[in-house]
Undergrad: 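Take this structure, written in structure tokens, and hold onto it; I'll ask about it next.
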Amino acid sequence: MAQIIDGKSIAATIKSELQIESAAFISRTGTIPHLALLLVGDDPASQVYVRSKAKTCEEIGFRSTILNLPATTSQEEVLDVIHSWNGNKLIHGILVQLPLPRHISEHKIIETISPSKDVDGLHPENMGRLVLGLPGFVPCTPAGIIELLSRSGISAQGKHAVVVGRSNIVGKPIANLLYQKSPQANAVVTICHTGASGTLRDFTRQADILVAAIGVANRITADYVKEGVAVIDVGINRITDVAKKTGYRIVGDVDFESVLPKVSAITPVPGGVGPMTIVMLMRNTLEAAHRFTRNATINR
Ligand code: GUN
């Protein structure tokens, strides 16, 4: 019987842990961790994500600020907001919801965020630290995957992990985390992407741990996996479903029903990786506030 990795329940446990840590931090330092969220445009899915991040902040005892600017906002105006938040001592974490409108450079915006407030872990300094195995902010979804594996008793030690997708948000950082020489990792890692010659299946069938971060609904079917693989499905794809009131339902990159008989473990969609992303963002925000108070003490 396959182990269904219950991300919702693991995330709820981590949230309770964070509530306790946050209360202790606030009573010890008098500082309330504060996450500032910037959304440019009116994409409905991004609005849901941002509101959900802010709501989780409140539930953990943090402060949050949402700034929703129109899609026509210039890059300069967005940079002005980032500069102002970088200099605001009451803000510890900054998150710019992606994607941004096409006339705004994601790279430019991300590299303007102060690395010490970059709770998304996407700034080149934090990415570089991750690659070097140094402490820094780790992107939330990859951090959540490592946490899911370790809390589910799935060791990556010496395993062959195959990552499908090379995005900056998931593919690149999770591949780097999985091969780090650390107790939660130490896997041999293969990264697959659209540039691969040959068939994707030839690679994925070798995986002991398969991370699917492709962005294509139900792309990984039973013939793409070997018996006993642990599957981490990062996909969040909307597909038409007339039986639903909304007219759609959410599925992953993995065809869950078809691979289920072959896998040793699998994350469902929804309820697998998704809930972990937000709690890892909360953990990073608490860490940012910790660092801020430590530095404030040192500089006094
Ligand atoms: N859009 C989708 N996922 C993410 C994420 O993890 N961080 C940000 N900033 N935007 C996203």
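Note: hydrogens, waters and symmetry copies are ignored here, and every other heavy atom, side chains too, is used. Every value quoted in this text rests on a predicted model; they were computed, and no experiment measured them. Each ligand, and each atom within it, is numbered from 1 in the order the structure gives.
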Undergrad: Which heavy atom in Phe62 sits nearest to a heavy atom in Ser22, and how many Å separate them?
TA: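 Looks like CE2-OG, 3.5 Å.
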
Undergrad: What I want to find out is whether Glu147 reaches Arg283 closely enough, with some N-O distance under 4.0 Å, to be called a salt bridge.
TA: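 Answer for the salt bridge query: yes.
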
Undergrad: Using only atom types and a distance under 3.5 Å, with no angle test, would you say the side chain of Asp208 pairs donor to acceptor with the backbone of Ala161?
TA: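 No: the side chain of Asp208 does not pair with the backbone of Ala161.
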
Undergrad: To check you understand the geometry: which heavy-atom pair defines the closest contact between Ile278 and Ser52, and what is its length?
TA: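 Minimum heavy-atom separation between Ile278 and Ser52: CD1-OG, 3.0 Å.
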
Undergrad: Does the side chain of Val211 come within less than 4.5 Å of Ile145's, by heavy atoms?
TA: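 Yes, close enough: below the 4.5 Å cut-off.
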
Undergrad: May I have every N or O pair linking ligand 1 to the protein at under 3.5 Å, one per line with atom names and distance?
TA:
from     : atom 1 : to     : atom 2 : distance (Å)
ligand 1 : 1 (N)  : Gln97  : NE2    : 3.2
ligand 1 : 1 (N)  : Leu98  : O      : 2.9
ligand 1 : 7 (N)  : Asp120 : OD1    : 3.3
ligand 1 : 7 (N)  : Asp120 : OD2    : 3.0
ligand 1 : 9 (N)  : Val96  : O      : 2.7
ligand 1 : 9 (N)  : Asp120 : OD2    : 2.4
ligand 1 : 10 (N) : Leu98  : N      : 3.0

Undergrad: Looking only at side chains, do Thr65 and His34 share a donor and an acceptor under 3.5 Å apart?
TA: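 Per modelled atom types, Thr65 and His34 side chains form a pair under 3.5 Å.
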
